[in-house]
Amino acid sequence: MTEAAQYFSRELLAWYRANKRDLPWRMNRDPYRIWVSEVMLQQTRVDTVIPYYNRFMDKFPTAAALAAAPEEEVLKCWEGLGYYSRARNLQAGAQEVAERHGGVVPDNKELVSALRGVGPYTTGAIMSIAFNRPEPAVDGNVMRVLSRYFCLEEDIAKPATRVGIEKLAASLIPDGAAGDFNQGLMELGALVCTPKSPGCLTCPVMAHCEGRAAGKEHVLPIKTKAKPPRPERRLAALVIGTGAHEGKILVRQRPDTGLLARMWELPHVLDPQQSDTVKKKGRGAKAKAAEQAELMAESAGSVAAALPPAAVREMQMDALCRTLAAEEKLLVRPTGWWGEAEHVFSHIVWDVQVYRADYGFVLDEETDEFAYAGVGVGRGASQAAAETAAAYEPNGADREAAGLFGDAAVSGDHAAEALPSNYRWIGPEDMRELAFPNVFLRLLREYWI
DNA sequence: AATCCGTGGAA
DNA sequence: TTTCCAAGGAT
């Protein structure tokens, strides 16, 4: 080990022990508590995590408690934190611990690494922080700090670079102090050796920092830029209940896999207008931005502030109606624009245009066709609504439900039994149980204010 | 290897 | 306003 490397390890360890923050997961070295904190901290800032962590540990204090909980409650506890597969994987991991390891997180690198949602970084963090094992825990902070200190110019966006830095980090761990040293590395990255304006003047290892000596502290680490998120326009339906569902709105649960898996949301579809454009033209980033801006109109931040041009509204309502009928077997009749919201994911940015809609259809006994409640085919329904209703082929349950409602249906009630199985009517109180991504939380809170 | 997974804070 | 990116993992 070089002089500079020994200096680094010694000074960093001393600095950490004198300057470490008092954080809730540093209360003790319970490996379960460390594990939960490390998963929450993945791609997420400390300040954001703290309240979630406290609530989570309060509710699921042990791996056994987490393992036994309904997944719905776990997701609800994670609501707003993002990367929701972390929550589902963490619970799966807790179930492995409960079933295969007697409820105790094993002091074993291979077994920890095999847990669901635990990758190379989290394995190293748990092994070093909870068990003081000399394993490297290389995250973004560590790659930045070491890139600067040793003036490494490899692209830290490449997986191979992380592997190399892991070897270096392992070689730096002082005997018997893996946990404190690894945390010190991250603490330095978070508090001093920050991405944009590193605080070299207060840095405990500045004297031997090669990056600074080379005048490259602002250039390092080298990192290739991520692709910008692709824009998507989503058309959403704010379906307002009547009759038995007065005061409620219609929400649906997302599929088991993929984006926002098993979260709840307003029913929505990809604007077919947009997908055509994307396919045919393959627009550049500028054109995308322009198109997005055009539809955003002059929003003032409030959900209900802007109004797209009337012609656009008509087309979008038509598309929303037809697509929900085709893709979801859900018959709604959009009645007007309600609001909009933007939602930025890592790789997608949604422009959500929300339309009020009526729900409900009744069997017209004269024509034996389904029609929208209170409107009816050919009696004032919008063309799209009329066509989708007329084309709808009722199943037995629909007929039975329509029949059951009888006169109530004619007066604007609807066939509840015909709802697709992943749909529910909810009131504000139901928001306490169901987990929604932030964009829909914002919209629903706005609606229920 | 590249892409898919959220969200919010800071500059 | 835009850009970056934070204690990453799974596929």
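Per chain, numbering begins at 1; letters A, B, ... match sequence-line order. Treat the numbers as computed from the prediction; the structure is a model and nothing was measured.
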Tell me the interatomic distance from [X], atom [atom1], to [N], atom [atom2], rounded to whole angstroms.
{"X": "A:Glu154", "N": "B:dA1", "atom1": "CD", "atom2": "C1'", "result": "18 Å"}
{"X": "A:Arg162", "N": "C:dA10", "atom1": "CZ", "atom2": "C1'", "result": "13 Å"}
{"X": "A:Asn89", "N": "C:dT11", "atom1": "CG", "atom2": "P", "result": "8 Å"}
{"X": "A:Lys225", "N": "B:dT3", "atom1": "NZ", "atom2": "P", "result": "17 Å"}
{"X": "A:Leu90", "N": "C:dG9", "atom1": "CG", "atom2": "P", "result": "13 Å"}
{"X": "A:Lys223", "N": "C:dC5", "atom1": "NZ", "atom2": "C1'", "result": "6 Å"}
{"X": "A:Trp35", "N": "C:dG8", "atom1": "CH2", "atom2": "P", "result": "18 Å"}
{"X": "A:Glu232", "N": "B:dC5", "atom1": "CD", "atom2": "C1'", "result": "14 Å"}

A:Arg10: what forms a salt bridge (charged side-chain N to carboxylate O under 4.0 Å, His left out) with it, not counting sequence neighbours? none
Distance between the C1' atoms of C:dT1 and B:dG8, in whole angstroms? 16 Å
Would you be so kind as to tabulate the donor-acceptor pairs closer than 3.5 Å made by side chains of residues 247-261 of chain A, with sequence neighbours excluded?
unit_1: A:Arg252; atom_1: NE; unit_2: A:Glu265; atom_2: OE2; d: 2.8
unit_1: A:Arg252; atom_1: NH1; unit_2: A:Glu328; atom_2: OE1; d: 2.7
unit_1: A:Arg252; atom_1: NH1; unit_2: A:Tyr423; atom_2: OH; d: 3.3
unit_1: A:Arg252; atom_1: NH2; unit_2: A:Glu265; atom_2: OE2; d: 3.1
unit_1: A:Arg252; atom_1: NH2; unit_2: A:His268; atom_2: O; d: 2.8
unit_1: A:Gln253; atom_1: NE2; unit_2: A:Arg262; atom_2: O; d: 3.2
unit_1: A:Arg254; atom_1: NE; unit_2: A:Leu259; atom_2: O; d: 2.8
unit_1: A:Arg254; atom_1: NH1; unit_2: A:Glu265; atom_2: OE1; d: 2.8
unit_1: A:Arg254; atom_1: NH1; unit_2: A:Glu265; atom_2: OE2; d: 3.4
unit_1: A:Arg254; atom_1: NH2; unit_2: A:Leu259; atom_2: O; d: 3.1

Who pairs with A:Glu96 by side-chain hydrogen bond (donor to acceptor under 3.5 Å, both in side chains), at least two apart in sequence or on another chain? A:Arg100
Select from A:Arg21 and A:Val118 the residue whose nearest nucleotide in DNA chain C is closer to the 5' end of that strand. A:Arg21
DNA chain C nearest-nucleotide lookup for A:Ile129 and A:Ala226: closer to the 5′ end is A:Ala226
Do any side-chain nitrogens or oxygens of A:Arg144 fall under 4.0 Å of OP1 or OP2 in C:dA6? yes
Mark up nucleotides 6-11 of chain B, 5' to 3', with B wherever a protein heavy atom is under 4.0 angstrom from a base atom, S wherever such an atom reaches only the sugar-phosphate, and - elsewhere. BBB---
Give A:Arg254 one of three labels, base, sugar-phosphate or nothing, depending on what nucleic acid heavy atoms sit under 4.0 Å from its own. nothing
Which residue pairs pass the ring pair (Phe, Tyr, Trp, His ring centres under 6.0 Å) test when at least one of the two sits in residues 118-145 of chain A, sequence neighbours left out? none
So, A:Arg86 and A:Thr44: side-chain donor and acceptor under 3.5 Å apart, yes or no? yes
Closest non-hydrogen atom pair between A:Thr122 and A:Trp35, with its separation: CG2-CD1, 4.5 Å
Quiz: residues 195-206 of chain A side-chain donor-acceptor pairs under 3.5 angstrom, not counting sequence neighbours:
unit_1: A:Thr202; atom_1: OG1; unit_2: A:Gly199; atom_2: O; d: 3.1

